[in-house]
2 protein chains.
Amino acid sequence: MDMNDQEIKIILQKKGVKPSLHRIKILEYLYVKKNHPTVDIIYRDISGDIPTLSKTTIYNTLKLLYEKNIIRMLTIEENEVKYDATMTNHAHFKCISCRKLYDLPVRNRHLGATEIDGHSVIESHLYYRGTCKFCKN
Amino acid sequence: MDMNDQEIKIILQKKGVKPSLHRIKILEYLYVKKNHPTVDIIYRDISGDIPTLSKTTIYNTLKLLYEKNIIRMLTIEENEVKYDATMTNHAHFKCISCRKLYDLPVRNRHLGATEIDGHSVIESHLYYRGTCKFCKN
DNA sequence: GTATCTGCAAAACATTTGCAATTCT
DNA sequence: AGAATTGCAAATGTTTTGCAGATAC
């Protein structure tokens with residue numbers, strides 16, 4: 001078990017999640033790749049390393065990690081959910097041409113709000129759709 | 001044909017969409033109800049008035065209206081798309097307890113941006129999840 | 001040994017698609 | 001008649017569910 005696995009394990013334990021091998025590997029993937037993957041992408045990328053891994057476990061794990069506030073769930077796409085382990089406030093930009101999803105380090109007071117119009121905020125999402133700087137020419 | 005239908009018709013024509021009865025009624029529903037409905041909700045609510053209306057037509061129409069920039073598509077829910085005819089910049093608040101979706105009249109310079117980090121912005125979305133003021137007690 | 005985690009297959013849904021029927025001018 | 005619109009039924013694709021088997025402590 002290398003350093004990364006150990007760190008991931010501690011993160012899970014702190015949040016009250018039992019650090020099974022599958023859970024560690026899925027969360028580690030999110031931390032290392034930072035690619036806002038779907039369930040399918042995760043399955044495609046790590047099922048080689050963990051031959052017994054099933055998609056059901058990925059679904060279960062991501063749901064659990066989301067409920068424990070360890071990762072974010074991105075519903076920018078109409079048809080599939082993406083996940084993100086970056087928990088600091090940031091925005092996203094979706095290019096409708098190349099389909100890439102960019103992180104934007106936006107400093108926005110609205111993203112850090114804990115209360116809006118009397119409602120208690122748990123999570124905030126800011127995202128844009130458009131044509132990215134590499135596609136617009 | 002009442003005043004509303006006439007107004008809706010003109011809006012559609014201005015955007016280059018032929019104002020069929022179905023299209024008028026679907027867009028009018030969105031304007032009048034302002035309830036961020038799903039395809040199913042629209043179908044449930046207006047298929048009584050228009051007995052021949054099919055869900056396929058609602059799907060077709062909403063897609064067309066979205067592409068013509070007449071309505072917005074909201075992907076806040078994981079599993080289904082909602083639609084909104086309010087085109088002025090505003091945010092949304094989703095209550096995880098009562099499940100209601102609120103409009104928030106947020107004045108946010110980020111929502112009006114046409115360019116971010118060199119990318120050309122076409123649409124902006126800001127939304128929150130949490131517990132609404134009526135559920136939190 | 002008991003509780004939790006995992007995996008398979010089937011089910012459940014929302015959405016899309018192909019194509020035929022209808023409507024409008 | 002010709003072109004666009006609509007509707008049905010089937011297909012698609014993602015996510016959930018039920019339950020059985022495996023694993024961990």
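Just so it is clear: chains get the letters A, B, ... in the order the sequence lines come, proteins before strands, and each one is counted from 1.
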To the nearest Å, give me how far apart [atom1] ([X]) and [atom2] ([N]) are.
| X | N | atom1 | atom2 | answer |
| --- | --- | --- | --- | --- |
| B/I26 | D/dT6 | CD1 | C1' | 11 Å |
| A/Y43 | D/dT14 | OH | P | 14 Å |
| B/N60 | D/dC8 | CG | C1' | 12 Å |
| A/D40 | D/dG13 | CG | C1' | 9 Å |
| B/K18 | C/dT23 | NZ | P | 16 Å |
| B/K82 | C/dC13 | NZ | P | 17 Å |
| A/K25 | C/dT6 | NZ | C1' | 18 Å |
| B/L62 | C/dT16 | CG | P | 10 Å |

| query | Hey, is the side chain of A/T56 pairing donor to acceptor with the base of C/dC8 inside 3.5 Å? | reply | yes
| message | Over all strands shown, is B/K55 touching base, sugar-phosphate only, or nothing at heavy-atom distances under 4.0 angstrom? | response | nothing
| Between D/dT6 and B/H22, is there an OP1 or OP2 to side-chain N/O distance shorter than 4.0 Å? | yes
Which one, [options], comes nearest to the side chain of [X]?
| X | options | value |
| --- | --- | --- |
| B/S20 | C/dT15, D/dT16, D/dT5 | D/dT5 |
| A/R23 | D/dT14, C/dT6, D/dT5 | C/dT6 |
| B/E80 | C/dA14, D/dT6, C/dT16 | C/dA14 |
| A/Y59 | D/dT16, D/dC8, C/dC8 | D/dT16 |

| said: Parallel, tilted or perpendicular: which one describes the rings of A/H119 and B/F93, with boundaries at 30° and 60°? | reply: parallel
| said: Within this structure, what is the CG-OG distance for the pair A/D40 and A/S47, rounded to the nearest 0.5 Å? | reply: 10.0 Å
| Upstream residue (5' side of DNA chain D) when B/E78 and B/T61 are each assigned their closest nucleotide | B/T61
| task | Measure the shortest side-chain to side-chain distance between A/T75 and B/Y127 over non-hydrogen atoms and say whether it is less than 4.5 angstrom. | result | yes
| field | Sole candidate of A/T61, A/I42, A/L21, A/I46 that passes side chain to side chain contact (heavy atoms under 4.5 Å, CB included) when paired with A/L53 | value | A/I46
| request: Check the side chains of A/D84 and A/H90 for a donor-acceptor pair under 3.5 angstrom, ignoring hydrogens and angles. | output: yes
